[in-house]
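Some notes on the structure that comes next.
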2 protein chains.
Amino acid sequence: MADSNQQTDEMLANERDIRARLGDHPFDFDSLHVISNIYRAAATIRRRAEREVLADYNLSWGGFTILWVLWIWGEMETANLAAECDLAKGTLTGMVSTLEQRGLVERERMANDRRRVTVSLTDEGLTTIEDVFPNFNAFEAEMSADLDTDEKRMAAELLRRIITRHEG
Amino acid sequence: MADSNQQTDEMLANERDIRARLGDHPFDFDSLHVISNIYRAAATIRRRAEREVLADYNLSWGGFTILWVLWIWGEMETANLAAECDLAKGTLTGMVSTLEQRGLVERERMANDRRRVTVSLTDEGLTTIEDVFPNFNAFEAEMSADLDTDEKRMAAELLRRIITRHEG
DNA sequence: GCCATATCGTTCGGTTCCAAACTATCGCTC
DNA sequence: GAGCGATAGTTTGGAACCGAACGATATGGC
């Protein structure tokens, strides 16, 4: 009992010390909150998407993204596909292999440059993404339902400024 | 050459088909762009943070987050720490073990309930996070440097609305 | 033509992460 | 006070992911 109180006292003292320590320095809390909220929102979105939408189709976030990009852009070289999906090329190789084994995409080595490989949707891949995407888009709408249209566009624009500054 | 043109033609035709297919349905592009930009921004931020800031201290994003949370909040039970770090509790176990082996945090089984475990910073963990955090915060500022203060607060608020709706 | 260099995709080793199964402990009920 | 749900942390199995090293192919200079 006395032990437990002592623990609590120590904890409170610790917290005061720590807050004082943080207060000492002119940290940039506005930047901190933007960055940490971006990360937390992304993690929440991904977990929920995989559980509530993609699990029904046995797709991971990355697998879905690959199908989506191939759907929008058509046949693509591996390097471009990796860039578009925002994945390391080594990561992409494995995931494309998985999708290929499941018959959703196919690889083809280019005739004029044998180093290059293109990836494209199979018929089954096409029907899959056509099936998944409406559900995924409904999920996206639900996730952002507390924002009105202007706010969504604002958020997208602010994020775009962060992304493009640091990718280009 | 004719082969290459044929490929290009096929690709263009594919793209037209696909765009037409997308155009057929009333998809919610505003929601789509918010969600995909959140995810892409988060991935960019994490990769750069790990490479440019955390690698010097041999910390992963998750490891850094644990140290940071313990710094701010002091000694915490495992379950609360997992929630605060936005990690599955099983994930936390492994990462705390790693940090413990490196002498940055320590575990203690609670006396009044032997199931519970508290985690806290060691002295070395404290000096580490005191050393890392200013650099990390500078990195956060750099990542969001194209946003002015109002825009940062706006972005943080919009993201908070997405997070809280779907975590609470 | 031939070697040096650059550029593809893949492979490899390691970490992060989750969900589900498991173990140990607690608290409640009879 | 013995059993039986509930709860806390750990273990397990597997996927995703990165960076670096690798092998194969193309290209340019000599």
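Every chain is numbered from 1 and lettered A, B, ... according to where its sequence line falls, protein lines coming before strand lines.
- Side-chain contact between B/K152 and B/D148: absent, with no pair of heavy atoms (C-beta onward) separated by less than 4.5 Å.
- There is a side-chain donor-acceptor pair under 3.5 Å between A/N137 and A/E140.
- OP1 or OP2 of D/dC17 sits under 4.0 Å from a side-chain N or O of A/R46.
- Neither OP1 nor OP2 of D/dA15 sits under 4.0 Å from any side-chain N or O of A/S60.
- Distance B/E52 CD to D/dG19 P: 11 Å, rounded to the nearest Å.
- Closest non-hydrogen pair, B/L99 versus B/G63, comes out as CD1-O, 4.0 Å.
- Judged by closest nucleotide on DNA chain D, B/A79 is the one of B/R51 and B/A79 placed further toward the 5' end.
- Atom CG of A/D86 and atom P of D/dC17 are 10 Å apart (whole Å).
- Rounded to an integer number of Å, the gap from CG of A/D113 to C1' of D/dT25 is 7 Å.
- To the nearest angstrom, C1' of D/dA15 lies 21 Å from OH of A/Y57.
- You'll find the ring centres of A/Y57 and A/F64 outside the 6.0 Å limit.
- If you take CD of B/E77 and P of D/dT7, they are 14 Å apart, rounded to a whole angstrom.
- A salt bridge does not link A/E124 to A/R102: none of the charged side-chain nitrogens sits closer than 4.0 Å to a carboxylate oxygen.
- The separation between B/R115 atom CZ and D/dG9 atom P is 9 Å, rounded to whole Å.
- Side-chain contact between A/L104 and A/L126: absent, with no pair of heavy atoms (C-beta onward) separated by less than 4.5 Å.
- The CZ-P distance, from B/R109 to C/dA24, rounds to 11 Å in whole Å.
- Against DNA chain C, the stretch residues 87-103 of chain B makes heavy-atom approaches under 4.0 Å through B/L87, B/A88, B/T91, B/M95.
- Taking 4.0 angstrom as the limit, B/R116 places none of its side-chain polar atoms (N or O) nearer than this to OP1 or OP2 of D/dT7.
- Using a cutoff of 4.0 Å between basic side-chain nitrogens and carboxylate oxygens, B/E50 and B/R46 are scored as salt-bridged.
- Distance CG (B/N58) to P (C/dG14): 14 Å, rounded to an integer number of Å.
- As judged by a 4.0 angstrom heavy-atom cut-off over every strand, B/R107 is placed among residues touching the sugar-phosphate backbone only.
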